[in-house]
Novice: 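One structure, pasted below without further comment.
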Number of protein chains: 2
Amino acid sequence: MSQTPRPPVGRSAPTSADVARLAGVSRATVSYVLNNTAAVRISEPTRLRVRAAAEELGYVPHAAARSLRAGHTRTVVMPSARRPAGPLPLRFYDEFQGELRRLEYTVVEYGGLGLDGDEAARAWAELRPVAVVCPGGTQPTAHGVSLLRRSGARAVVTLGPHPTQGAHFLALDERRIGAAAAEHLIQRGRRAIGVVVPREPVPAHCARLRLEGVRAAADGAGARTVALPMAYEEESAAALAARWRATGLDGVFAFDDEYAMLLMRALQDEGVDVPRETAVIGAGDLLLGRLLRPRLSTVRVDTVSGRRLADFVDRMVREPAAEPEHHDLMAARAVHRESS
Amino acid sequence: MSQTPRPPVGRSAPTSADVARLAGVSRATVSYVLNNTAAVRISEPTRLRVRAAAEELGYVPHAAARSLRAGHTRTVVMPSARRPAGPLPLRFYDEFQGELRRLEYTVVEYGGLGLDGDEAARAWAELRPVAVVCPGGTQPTAHGVSLLRRSGARAVVTLGPHPTQGAHFLALDERRIGAAAAEHLIQRGRRAIGVVVPREPVPAHCARLRLEGVRAAADGAGARTVALPMAYEEESAAALAARWRATGLDGVFAFDDEYAMLLMRALQDEGVDVPRETAVIGAGDLLLGRLLRPRLSTVRVDTVSGRRLADFVDRMVREPAAEPEHHDLMAARAVHRESS
DNA sequence: TTGAAAGCGGTACCAT
DNA sequence: ATGGTACCGCTTTCAA
């Protein structure tokens, strides 16, 4: 335990040459031993000396040098900006990352915030990733994809509402959530549908798509829709509730369960009967929504497992498809409880 | 727009030599131009030719080669495993990452899942990061810290409940949350305090610490405590509520607001009067907790801004302190509403 | 069984 | 104002 806690930082990290010197062998031998190179047989005593020397010096190979020499990396870049919030996507991406690690990739979650479009693609390309996975909200342009592929990326995969030219596309379409909600409300006889659009910036992207989904479904069924900006604060919900009757709405899709719970409480405080006067539906199937009275109706979202996504990326890396592939990852269906 | 979408991937990425050839200059000149090297004057026509050539080829510098030559990186590694869930930490880390980017660091969020302790430290060290920031639950050992520093990391910063030898330490002590909750309950006359311990694996680390915090506070005040394992499911909460009266508890700290809401609903369904018979307090100050009746008491957690953390890391990188520094990042205080 | 040496891509010194 | 060139640390022929 009395190991020196802060070793002199002046001297830089030991290299394989240092190990070689200490072990009395050449750098080549060090490389053979530490990588267990099968094509070359090194005597056991030598192996031990090399290992001991590496251990003693605290030798750690230099990833940059290695991949420079190798001409490729096992790096998968995943921009992390503007990920949909909530526990579900979080689990999904955690699982995805874990599975990629299992497949021996180094996952680099690159905070693309503050870079726009092609700048970001350039920054990722500098790392010479073997694959790039872009979650919704971080889609590169066709030009960005081209740049990445030219710089050696064997697969560029985008998740989101619409494909990018040249990239694999895994549909993860938030519009479906809105559509499922709208269809549910319409089926239950509602014809004047409000759609909560969060004032908060984070889910702005999702919000627009969910609204689009509602509109598409409602337009086809002759229902009218009204966008309702609302902040995630009690005052904002109360203000919206106060002018509720004036809107003449008989149903509302509240973006997600949290906004739905907030709005439903405000409506109740205002004396609006849910679901008699106004049906309320959220999305995400939060457990908490089931604790309210009336129990909150919701849209349940089923995403493919992170593991399947990881396997897909791996397959695209190993046998790059001639043409971009296109798969569907998300299903959304309304769950009727009591609030609608 | 009819740019070829998938350029031939056979040929590898263009190098500065390719740019030099196309522009009819040397590699050195290319480097000077593209880096705007101040110490060297390059004529305007040459600059233009080089830029045009780089553009035409889609040249992107090779980060590994550059940092190999430079002898250092601007990479900050942040292991991402087992981050406390919830919107608050998420925002905190997002802001932190954004600020680091602003300071021109490349944030690499390294999924350390599946690696244990020193293995993980080794994996990080291979990237030769200039700094490593370990959120709670990913603390390296003293040996790991030593390894990282030997491999060139100018700062190793840990956030969490206890310090690691040799690393900077920013206290982010979950125990305080438990302590604040316990003190609140005790102050309101409760002497038999239940502590919900989630059965879910993710917040296991936090759970233990919060429980410790409760115990420390309760022991000092002569109150007894009981750990109450509970899963985040209605059935589990109902089961706990069903045997509630037998426990003789008159107060409960429910780990966080979500578990608190779940348990409170179950208690109410069982006919237990909250707060008369049993006081309930959560943590996190979720907005949703204010929507319940009775309104949920909670522990509000104030964390320092991500920006201040980023500035701290930057300072440690620029002027490495002789001794590890130690700062306090978290304050917790109970907020009394109606459930306690 | 081991070593010498070439080179991956970029930078920066020293010439010219 | 530019070019030649020696590195950075590692892998991998090829020779001995």
Side-chain angles (χ1 to χ4, degrees), chain A residues 11-50 53-54 57-75 122 125-128 130 150-152, chain B residues 11-51 53-54 57-75 125-128 130 150-152:
Chain A
R11 296 289 8 102
S12 54
T15 72
S16 73
D18 296 320
V19 177
R21 205 169 307 122
L22 182 57
V25 298
S26 74
R27 290 162 59 214
T29 305
V30 171
S31 176
Y32 294 142
V33 171
L34 296 183
N35 294 309
N36 287 312
T37 307
V40 176
R41 307 222 63 80
I42 302 282
S43 69
E44 201 52 33
T46 305
R47 302 186 97 86
L48 291 176
R49 283 216 317 286
V50 169
L57 294 176
Y59 169 71
V60 176
H62 193 302
R66 186 193 303 238
S67 65
L68 179 57
R69 170 65 224 228
H72 62 258
T73 68
R74 296 279 292 171
T75 301
R122 241 188 80 98
E126 292 193 356
L127 303 177
R128 295 293 191 273
V130 68
R150 236 183 340 232
S151 74
Chain B
R11 298 285 10 100
S12 53
T15 71
S16 73
D18 296 321
V19 177
R21 207 168 306 124
L22 183 58
V25 299
S26 73
R27 287 188 321 141
T29 304
V30 171
S31 176
Y32 295 143
V33 171
L34 296 183
N35 295 308
N36 287 312
T37 308
V40 176
R41 306 222 61 81
I42 303 283
S43 70
E44 200 54 32
T46 305
R47 303 185 96 87
L48 291 175
R49 283 216 316 287
V50 169
R51 293 229 168 78
L57 294 175
Y59 169 73
V60 176
H62 193 304
R66 185 190 301 225
S67 66
L68 178 58
R69 169 67 226 219
H72 62 257
T73 68
R74 295 280 292 173
T75 300
E126 292 192 358
L127 303 178
R128 295 293 190 272
V130 69
R150 232 180 346 225
S151 74

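Lettering of chains follows the sequences in order, A, B, ..., and the numbering in each one begins at 1.
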Novice: For a 4.0 angstrom threshold against heavy atoms of chain B, report the outermost contacting nucleotides of DNA chain D in 5' to 3' order.
Specialist: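 Range of nucleotides touched by chain B: D:dA1 to D:dG9.
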Novice: Of A:Ala17 and A:Val40, whose nearest nucleotide on DNA chain D comes first from the 5' end?
Specialist: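 It is A:Ala17 whose nearest nucleotide is closer to the 5' end.
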Novice: Tell me: CZ of A:Arg27 to P of C:dT1, nearest whole Å?
Specialist: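 In whole Å, C:dT1 P and A:Arg27 CZ are 22 Å from each other.
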Novice: Rounded to the nearest Å, what distance is computed from the CZ atom of residue A:Arg49 to the C1' atom of nucleotide C:dT2?
Specialist: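 One finds 11 Å between C1' of C:dT2 and CZ of A:Arg49, rounded.
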Novice: A:Ala70 or B:Thr29: which one's nearest nucleotide on DNA chain C is closer to the 5' end?
Specialist: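 So the residue in question is A:Ala70.
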Novice: B:Leu57 CG to C:dG9 P: how many Å, rounded?
Specialist: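 Going from B:Leu57 (CG) to C:dG9 (P), I get 14 Å.
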Novice: Quick check for you: to the nearest 0.5 Å, what is the distance between B:Glu44 atom CD and B:Arg49 atom CZ?
Specialist: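 These two atoms lie 12.0 Å from each other.
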Novice: Map B:Arg128 and B:Arg69 onto DNA chain D by nearest heavy atom, then report which one ends up closer to the 5' terminus.
Specialist: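 Counting from the 5' end, the first nearest nucleotide belongs to B:Arg69.
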Novice: Once rounded to the nearest 0.5 Å, what's the spacing between atom OH of B:Tyr59 and atom CZ of A:Arg150?
Specialist: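 That separation rounds to 13.5 Å.
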Novice: Quick check: closest heavy atoms across B:Ala23 and B:Ala53, and the distance to 0.1 Å?
Specialist: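 In terms of heavy atoms, the two residues are closest at CB-CB, 3.9 Å.
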Novice: Does the B:Thr73 side chain pair with the main chain of B:Arg128, one donor and one acceptor, at a distance under 3.5 Å?
Specialist: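 Looks like yes, one N/O pair under 3.5 Å.
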Novice: With respect to the phosphate group of C:dT11, does any side-chain polar atom (N or O) of B:Ser16 fall under 4.0 Å of OP1 or OP2?
Specialist: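 It does not, given that no N or O in the side chain of B:Ser16 lies less than 4.0 Å from OP1 or OP2 of C:dT11.
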Novice: Quick check on C:dT11: is either OP1 or OP2 less than 4.0 Å from any side-chain nitrogen or oxygen of B:Asn35?
Specialist: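 Yes, such a contact exists.
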Novice: Round to the nearest Å and state the distance from A:His62 atom NE2 to C:dG9 atom C1'.
Specialist: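 In whole Å, C:dG9 C1' lies 14 Å from A:His62 NE2.
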Novice: Going by the salt bridge (Lys or Arg N to Asp or Glu O under 4.0 Å) test, which pairs reach into residues 17-33 of chain A, not counting sequence neighbours?
Specialist: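 The answer is A:Asp18-A:Arg21.
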Novice: OG/A:Ser31 to CZ/A:Arg66 distance, rounded to the nearest 0.5 angstrom?
Specialist: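 So the gap between those two atoms works out to 8.0 Å.
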Novice: In whole angstrom, what separates A:Leu127's CG from C:dC8's C1'?
Specialist: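 Going from A:Leu127 (CG) to C:dC8 (C1'), I get 17 Å.
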Novice: Between C:dT11 and B:Arg66, is there an OP1 or OP2 to side-chain N/O distance shorter than 4.0 Å?
Specialist: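 Answer yes for this pair, as a side-chain N or O of B:Arg66 is under 4.0 Å from OP1 or OP2.
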Novice: Can you pull out how bent the helix from C:dT1-D:dA16 to C:dT16-D:dA1 is, comparing the axes over its first five and last five pairs, to 10°?
Specialist: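 The end axes of the helix from C:dT1-D:dA16 to C:dT16-D:dA1 are about 50° apart, to the nearest 10°.
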Novice: Between atom OG of B:Ser16 and atom CG of B:Leu57, what is the distance when rounded to the nearest 0.5 Å?
Specialist: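 Between B:Ser16 OG and B:Leu57 CG, I get 11.0 Å after rounding to 0.5 Å.
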Novice: Mind checking if B:Ser67 touches a base, just sugar-phosphate, or nothing, with heavy atoms under 4.0 Å?
Specialist: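 Touches nothing.
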Novice: Once you apply a heavy-atom cut-off of 4.0 Å, does A:Ser31 come out as touching a base, just sugar-phosphate, or nothing?
Specialist: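 Touches a base.
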Novice: To the nearest 0.5 Å, tell me how far A:Thr29 OG1 sits from A:Ile42 CD1.
Specialist: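 One finds 5.0 Å between OG1 of A:Thr29 and CD1 of A:Ile42.
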Novice: Given atom CG of A:Leu68 and atom P of C:dG10, what is their separation to the nearest angstrom?
Specialist: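 Spelled out: CG on A:Leu68 to P on C:dG10 is 9 Å.
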Novice: Measuring from A:Leu127:CG to B:His62:NE2, what's the distance to the nearest 0.5 Å?
Specialist: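 So the gap between those two atoms works out to 9.5 Å.
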